[in-house]
Amino acid sequence: MAGFTHIRHVEDARQAARRRLPRGLFEYIDRGAEDEVSIAGNRAKLDAIELAPSVLIDVTRRGAAAEIFGVGQPSPLIIAPTAVAGLVWHDGEIALARAAARSGIPFCVSTQSITSIERIAAESGARLWFQLYVWKNRERTLALIDRAAKAGAEALVLTVDTAVGPTREYNLRNGFGIPLKASWRAGIDVVRHPRWAVGVMLRALTTSGVPTYAHYPDEFRTRLGRAALSTEVDLAPDVTWNDVRLLRERWKGKLILKGILTVADAKTALSHGVDGIVVSNHGARNLDCAPGPTDMLPAIVAAVGDRMEILADSGVRRGADIARFIALGAKGVMIGRATLYGVAIGGADGAGHVLDILHQQLSATMGLLGANRLGDIRLA
Ligand SMILES: Cc1cc2nc3c(=O)[nH]c(=O)nc-3n(C[C@H](O)[C@H](O)[C@H](O)COP(=O)(O)O)c2cc1C
């Protein structure tokens, strides 16, 4: 894509995003939790997976087309839900959704999005999924999913790996937190990143005001800069399978649990009428002693893969990583940070460029593997 010729792989986009964003915001996106053991673990585990090349195969007509929940799409990708994507670029969630629409893949809107699902739907034309964090007030939570259904969300993605807030000491040190807090350190960080300060923060302040969580009920909608007005919309630490039952009764579309890492939980999800799961350790952002999704995927696929859709994420930085997840049995792969780096450097075009790179790399990997379809990709 014109304008991004210097961005040749995801790491280039990451470095460009690092230069553009305030350090606190960049670290919030980029880093892990506690000692960041599992962020390195995800990388090492992906790198250790070797795929089996078959030679002397005509790969002229190869393609990465996938079918997820019976809907065809040109690649097995879904843009993962990421809180506050609207802080990395003006209307960042709309930009991500437009990039997804152009690539023919779904965009999953986060509960903690800065832009409402209604606006994202109206201004992107993308296929939308909606990610849910359950609030303490369950009635309000159900009202939120009704709102997502009305806006056309095809799937509800209940995130189940965030029962409590993770420990990220670097964000305490660098001054970034939600709600945003004014501090000398944060102020200097913003001033040192003028393109972001003008293009995102000033633009927000002069149009819609201080960015807020768009899905929070009006009466509790706080500016990110102020403390929450009510604990009703705090994330609930007592979410159980009973909530899955409630959601299954209420939600007519596909129901997905994101953050499953054991066979036992995958089976329980199946018995609750869940349609799909995302085998994920949340991009190594939460539990720092979690296994990698690549460790758990084969056993989960063997146990329930014929009865529910198995998706995966955490750590994709190259097309080969997508191929690795597919070889382990995933039907679809979510992309979190990679497209966030892209949107941070160039809105929808930047995110689209990163998707194109991943797609080209996947196509090259498939060609070298002698794989004409995703189903031909095999472990070595
Ligand atoms: C900045 C950021 C915010 C995120 N916010 C959410 C969220 O609101 N809900 C959720 O389920 N997952 C969230 N995630 C996790 C992603 O959905 C996804 O699981 C993870 O990023 C995948 O790993 P990757 O970034 O290595 O691709 C977030 C990830 C990042 C990087």
Side-chain angles (χ1 to χ4, degrees), residues 38 42 45-46 66-71 73 75-82 105-111 127-134 141 145 148 153-163 239-287 290-316 321-322 324-336 374:
S38 57
N42 280 353
K45 286 167 191 195
L46 277 162
E67 196 177 289
I68 300 174
F69 296 118
V71 184
Q73 49 182 79
S75 79
L77 302 183
I78 299 114
I79 297 190
T82 52
I105 62 174
F107 170 63
C108 188
V109 180
S110 168
T111 291
R127 288 178 51 207
L128 299 181
W129 294 4
F130 185 76
Q131 177 270 332
L132 182 70
Y133 280 134
V134 174
T141 306
I145 70 164
E154 297 170 13
L156 181 68
V157 179
L158 173 67
T159 299
V160 294
D161 60 7
T162 314
V239 183
T240 67
W241 291 103
N242 199 39
D243 290 282
V244 175
R245 216 167 275 130
L246 277 177
L247 292 172
R248 181 67 290 180
E249 276 166 26
R250 186 81 154 228
W251 183 261
K252 304 295 170 238
K254 299 296 176 194
L255 179 62
I256 303 169
L257 302 191
K258 174 172 177 285
I260 296 278
L261 281 170
T262 68
V263 169
D265 281 345
K267 285 184 174 165
T268 312
L270 185 66
S271 72
H272 282 72
V274 165
D275 302 294
I277 57 175
V278 188
V279 180
S280 161
N281 66 12
H282 210 107
R285 295 169 59 78
N286 281 357
L287 179 68
T294 51
D295 292 333
M296 310 315 295
L297 200 47
I300 292 175
V301 170
V304 297
D306 56 341
R307 282 161 292 163
M308 67 193 325
E309 216 74 308
I310 313 283
L311 313 175
D313 77 13
S314 300
V316 171
D321 297 333
I322 301 165
R324 287 169 164 133
F325 274 121
I326 298 291
L328 294 173
K331 287 285 281 298
V333 180
M334 285 189 159
I335 306 293
L374 292 177

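Computed from a predicted model, the values in this text were never measured in an experiment.
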Roughly how far, to the nearest 0.5 Å, is [atom2] of [Y] from [atom1] of [X]?
{"X": "Leu77", "Y": "Ile105", "atom1": "CG", "atom2": "CD1", "result": "5.0 Å"}
{"X": "Ile335", "Y": "Thr82", "atom1": "CD1", "atom2": "OG1", "result": "12.0 Å"}
{"X": "Leu247", "Y": "Leu158", "atom1": "CG", "atom2": "CG", "result": "6.0 Å"}
{"X": "Leu297", "Y": "Ile326", "atom1": "CG", "atom2": "CD1", "result": "9.5 Å"}

Counting C-beta onward and ignoring hydrogens, is there a side-chain heavy-atom pair between [X] and [Y] closer than 4.5 Å?
{"X": "Ile322", "Y": "Pro76", "value": "yes"}
{"X": "Val279", "Y": "Leu261", "value": "yes"}
{"X": "Ile277", "Y": "Ile310", "value": "yes"}
{"X": "Leu46", "Y": "Phe325", "value": "yes"}
{"X": "Tyr133", "Y": "Thr141", "value": "no"}
{"X": "Lys258", "Y": "Cys108", "value": "no"}
{"X": "Leu311", "Y": "Ser280", "value": "no"}

Counterpart residues, side chain to side chain donor-acceptor pair (under 3.5 Å), relative to [X] (two or more places apart):
{"X": "Glu67", "result": "none"}
{"X": "Thr294", "result": "none"}
{"X": "Arg285", "result": "none"}

Heavy-atom pair with the smallest gap, counting every atom of [X] and [Y]:
{"X": "Thr111", "Y": "Leu132", "value": "OG1-CA, 3.2 Å"}
{"X": "Asn286", "Y": "Asp161", "value": "ND2-O, 3.2 Å"}
{"X": "Met308", "Y": "Ala269", "value": "CE-CB, 4.3 Å"}
{"X": "Lys45", "Y": "Gly292", "value": "NZ-N, 3.7 Å"}
{"X": "Ala266", "Y": "Ile300", "value": "CB-CG2, 3.8 Å"}
{"X": "Asp313", "Y": "Met334", "value": "CB-O, 3.3 Å"}

Side-chain donor or acceptor of Ser314 paired with backbone N/O of Asn281 under 3.5 Å: yes
Strictly distance-based, threshold 3.5 Å: is any side-chain N or O of Glu154 a donor or acceptor partner for the main-chain N or O of Trp129? no
Pairs involving residues 240-272, ordered by first then second residue, that meet ring-ring contact (aromatic ring centres under 6.0 Å, His included) (sequence neighbours left out): Trp241-His272
Test: salt bridge (charged side-chain N to carboxylate O under 4.0 Å, His left out). Region: residues 262-282. Which pairs qualify, not counting sequence neighbours? Arg248-Asp275
Sorted by first residue and then second, give each side-chain hydrogen bond (donor to acceptor under 3.5 Å, both in side chains) pair with at least one member in residues 296-310; sequence neighbours left out. Glu309-Lys331
